[in-house]
*Asks:* 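Shown below is the structure under consideration.
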Number of protein chains: 4
Amino acid sequence: MTSKSEQPKRRPGRPKATGSPQTMVQILKTASFLFMEQGYEKVSLESVAQACGVTKASVYYYFSNKAALFTEALLFVLKIAHDQTVLIVNGPGPLRERLSEVAKRHMGNAHIDFETMMREASPELTEEQVDRIRDGEQALHRLLASVFRRAMDEGEISESDPMLLSHVFTATLTVRNRKEIVNDLQTVGQTSSEIVQLLWRGLEPR
Amino acid sequence: MTSKSEQPKRRPGRPKATGSPQTMVQILKTASFLFMEQGYEKVSLESVAQACGVTKASVYYYFSNKAALFTEALLFVLKIAHDQTVLIVNGPGPLRERLSEVAKRHMGNAHIDFETMMREASPELTEEQVDRIRDGEQALHRLLASVFRRAMDEGEISESDPMLLSHVFTATLTVRNRKEIVNDLQTVGQTSSEIVQLLWRGLEPR
Amino acid sequence: MTSKSEQPKRRPGRPKATGSPQTMVQILKTASFLFMEQGYEKVSLESVAQACGVTKASVYYYFSNKAALFTEALLFVLKIAHDQTVLIVNGPGPLRERLSEVAKRHMGNAHIDFETMMREASPELTEEQVDRIRDGEQALHRLLASVFRRAMDEGEISESDPMLLSHVFTATLTVRNRKEIVNDLQTVGQTSSEIVQLLWRGLEPR
Amino acid sequence: MTSKSEQPKRRPGRPKATGSPQTMVQILKTASFLFMEQGYEKVSLESVAQACGVTKASVYYYFSNKAALFTEALLFVLKIAHDQTVLIVNGPGPLRERLSEVAKRHMGNAHIDFETMMREASPELTEEQVDRIRDGEQALHRLLASVFRRAMDEGEISESDPMLLSHVFTATLTVRNRKEIVNDLQTVGQTSSEIVQLLWRGLEPR
DNA sequence: AATGAATGAGTGTTCATTCAT
DNA sequence: AATGAATGAACACTCATTCAT
């Protein structure tokens, strides 16, 4: 945001970034939603454009190709998810309730498995793009891991690999995609609570 | 009416060429692998055919269209997974070790989130096809749920919804898709053990 | 039907002609019906085979390819039409009534315009095949023309080119394909009578 | 809200390139010709595209699918035929000569039987598309019927069903497709005259 | 800043045809 | 006499991408 106009043509990093942010943000939001809902292949640039009320060519005006749009869109949602999560985990109350809250948030947004989407999209992305997305994802996991680490240090939860714990925690949340489960239990809120409770107490009787 | 009705009525034409189901099974196996690895859209019938060393038209000889092939392929892997799992869960030893074994098996096979794949493919499948796949999937979950149910009855694990438990358990296994995790820990075997342990003991300190 | 077994391999003319006539005739009849109903392209050999309860390969056993089957099928129906027409035109009664009868017959069978079908099929036929069909068609027209010729000689109808007359006569019969007309008038019989009357009296008032 | 609402709101982006409808009309004309010559199935979009010097994808840019192109193409020729016919039938001179003129025009254009083509295409068209084409066709028949009606009222021709008359009249014109006839008589003009004369005077001697 | 037009490469699907049995 | 298996060529259709304006 600072020294943008200094260099005449800065190649790496976020590519085209001129244009009224209005339209660009609109495209980004729409694309994010569609990608998270349908995955990489199923979303056509035509559909993104239509949903924004612009033409395909306009999308290309802001994003050099589908891979770039996908990358920015994912970084966009990861950023939001991260920010939301920071607010929640740093909030007050016992860890377990904060985790339930995080679970509720995630299960309300993500519709398709992140890993599966990446597996689908990776072949079309540049290495750099994959790395950037991975970084965004890692940030989220590092955030959760740090929370777990702290909780272990304070004896709030028992000892284990915090990073693995973060992955297991988020993996569990994909249960929300399974219709039978969520329908049976009616509300996302209830499901998320149950899952966290399950994870919290473990299988072993005590 | 001569000597025709004496013999078991040998059907005319080229006999079913004992080695022939080979091709069909070959296609089925290949398709299963590719679909589980890349999802529905990404797998082209061309690629399936090529991987089998036959032509696209040959695939159509055995399966009337992509949706049909997909359906049979998934039922194929679900059947195998179910059979494998039956063997393991009915085996000897403590539940926890049997679950680790199941986890190891699953993580060695499934590459992409089942739900995500179904979400991708559903629009192209007939209702009946979706139902058949769902049934196959349910069978697996019912199997696990019954195991959990029994373990609860015997006080081996603490009480909770066994079906939800089954979904959470399988969801956790998708962690294997996340390269960093599995790579860091080197072996699928170790990861699966750690995950089951995590699930077993829960987060709460005791 | 006579000196078939004399020469070892007689190439020209009707090609393969072994096999139980049963099946062959069945295929011929079925194909005739389908071709007359749907035209050349729309009829797949698969559909012919299925309608006969045999396999595609069996069709090939009797007819070397689609063009050959088409040719034989058309000659088959033309022969029948010719025979039927001979019976009618040589019958008793005034010409006008015999023509109405011919009209009724034709309109009951032919569903698609002969010329249009030939235009569709010609590019796939050999010159010889086209000629043979044309000959069969011509025979029908020559038959009608001879009838007209005789009627003119006897002063039963006024003088004109008998061959053109035959073509005009048969062309008029295609009116039967136009649903509105035939539906309005309810019966094929009535329509054919009306058409012949129209042709008979002409437009000019007298 | 500044100086925006003053100007007639010049739409952004590349203007409609005055010469551009060229391509669409070109495709329409070419398709019309090919469909009228070869029918629905035989015309591939590839061939249409090639004949226009564009790619298949360009055809799809203007027409959403083959059925749509077919519909527009037929409406296009029906419109032209209607307009031409209006000019002729409303012209001066005796009805018989005007009909000869109409015959000459039609026989110069239509190459395949309309009904047969519709029978071939209908299964692929939407109901609405079929209706639109039928409407266009009916318009032509109603036009001719009205001419006949008037002529009957004025005693110029003898009484009969004017709509049937229109169908018979146009059916007769398909004689032009039969090569032998038209070739024998050398010119379309002469054939059309002869046909109309035949229809005019009828078969019955006077 | 945004667009209409055009394209090339690919996808699922169909079908006539062949051949060993 | 009849068949199961396999194929190649075509076809309708989609989509990411480019470019002049």
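In the text below, chain A, chain B and the rest are named by the order of the sequence lines, each starting its count at 1.
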*Asks:* Could you provide the dot-bracket string of DNA chain F, using ( ) for intrastrand pairs, [ ] for crossing pairs and | for bases paired to another strand, with Watson-Crick or G-U pairs below 3.5 Å?
*Replies:* .||||||||||||||||||||
*Asks:* Suppose we screen for side chain to side chain contact (heavy atoms under 4.5 Å, CB included). Which residues come up paired with Thr30(B), at least two apart in sequence or across chains?
*Replies:* Gln26(B), Leu34(B), Ala51(B), Cys52(B)
*Asks:* Atom CD of Gln22(D) and atom C1' of dG4(E): how far apart are they, to the nearest Å?
*Replies:* 16 Å
*Asks:* Output every pair passing salt bridge (Lys or Arg N to Asp or Glu O under 4.0 Å) with a member in residues 23-32 of chain D, not counting sequence neighbours, ordered by first then second residue.
*Replies:* none
*Asks:* Got a sec, which residues hit salt bridge (charged side-chain N to carboxylate O under 4.0 Å, His left out) with Glu37(D), two or more places apart in sequence or on another chain?
*Replies:* none
*Asks:* Please identify each residue that fulfils side chain to side chain donor-acceptor pair (under 3.5 Å) with Thr126(A), with sequence neighbours left out.
*Replies:* Gln129(A)
*Asks:* Tell me the interatomic distance from Ile27(D), atom CD1, to dA5(E), atom C1', rounded to whole angstroms.
*Replies:* 11 Å
*Asks:* Nearest heavy-atom pair of Ala49(B) and Val59(B): which atoms, and what distance?
*Replies:* CB-CG2, 3.9 Å
*Asks:* Considering just the side-chain nitrogens and oxygens of Ser58(B), establish if one lies under 4.0 Å of OP1 or OP2 belonging to dA5(F).
*Replies:* no
*Asks:* Base, backbone or nothing for each nucleotide of nucleotides 9-16 of chain F, written B, S, -, heavy atoms under 4.0 angstrom, 5' to 3'?
*Replies:* --SBBBBB
*Asks:* Nearest whole angstrom, please: distance from the P of dT7(E) to the CD of Gln50(D).
*Replies:* 12 Å
*Asks:* In whole angstrom, what separates Met24(C)'s CE from dA2(F)'s P?
*Replies:* 12 Å
*Asks:* Send over the distance from Gln26(B) CD to dA6(F) C1', rounded to a whole Å.
*Replies:* 15 Å
*Asks:* Applying side chain to side chain contact (heavy atoms under 4.5 Å, CB included), name anything that partners Glu124(A), two or more places apart in sequence or on another chain.
*Replies:* Tyr40(A), Glu41(A), Lys42(B)
*Asks:* Going by salt bridge (Lys or Arg N to Asp or Glu O under 4.0 Å), name the pairs with one or both residues in residues 58-69 of chain D, residues two or more places apart or in two chains.
*Replies:* none
*Asks:* Looking only at the side chain of Tyr61(D) (C-beta and beyond, no hydrogens), which of the listed nucleotides dA6(F), dA1(F), dA5(E) gets closest?
*Replies:* dA5(E)
*Asks:* Can you sort out the partners of Ser58(D) under side chain to side chain contact (heavy atoms under 4.5 Å, CB included), two or more places apart, ordered by chain and number?
*Replies:* Val54(D), Thr55(D)
*Asks:* Looking only at non-hydrogen atoms, find the nearest pair between Leu69(D) and Phe35(D) and report the distance.
*Replies:* CG-CE1, 4.2 Å
*Asks:* dA2(F), OP1 or OP2 - any side-chain N/O from Tyr62(C) closer than 4.0 Å?
*Replies:* yes
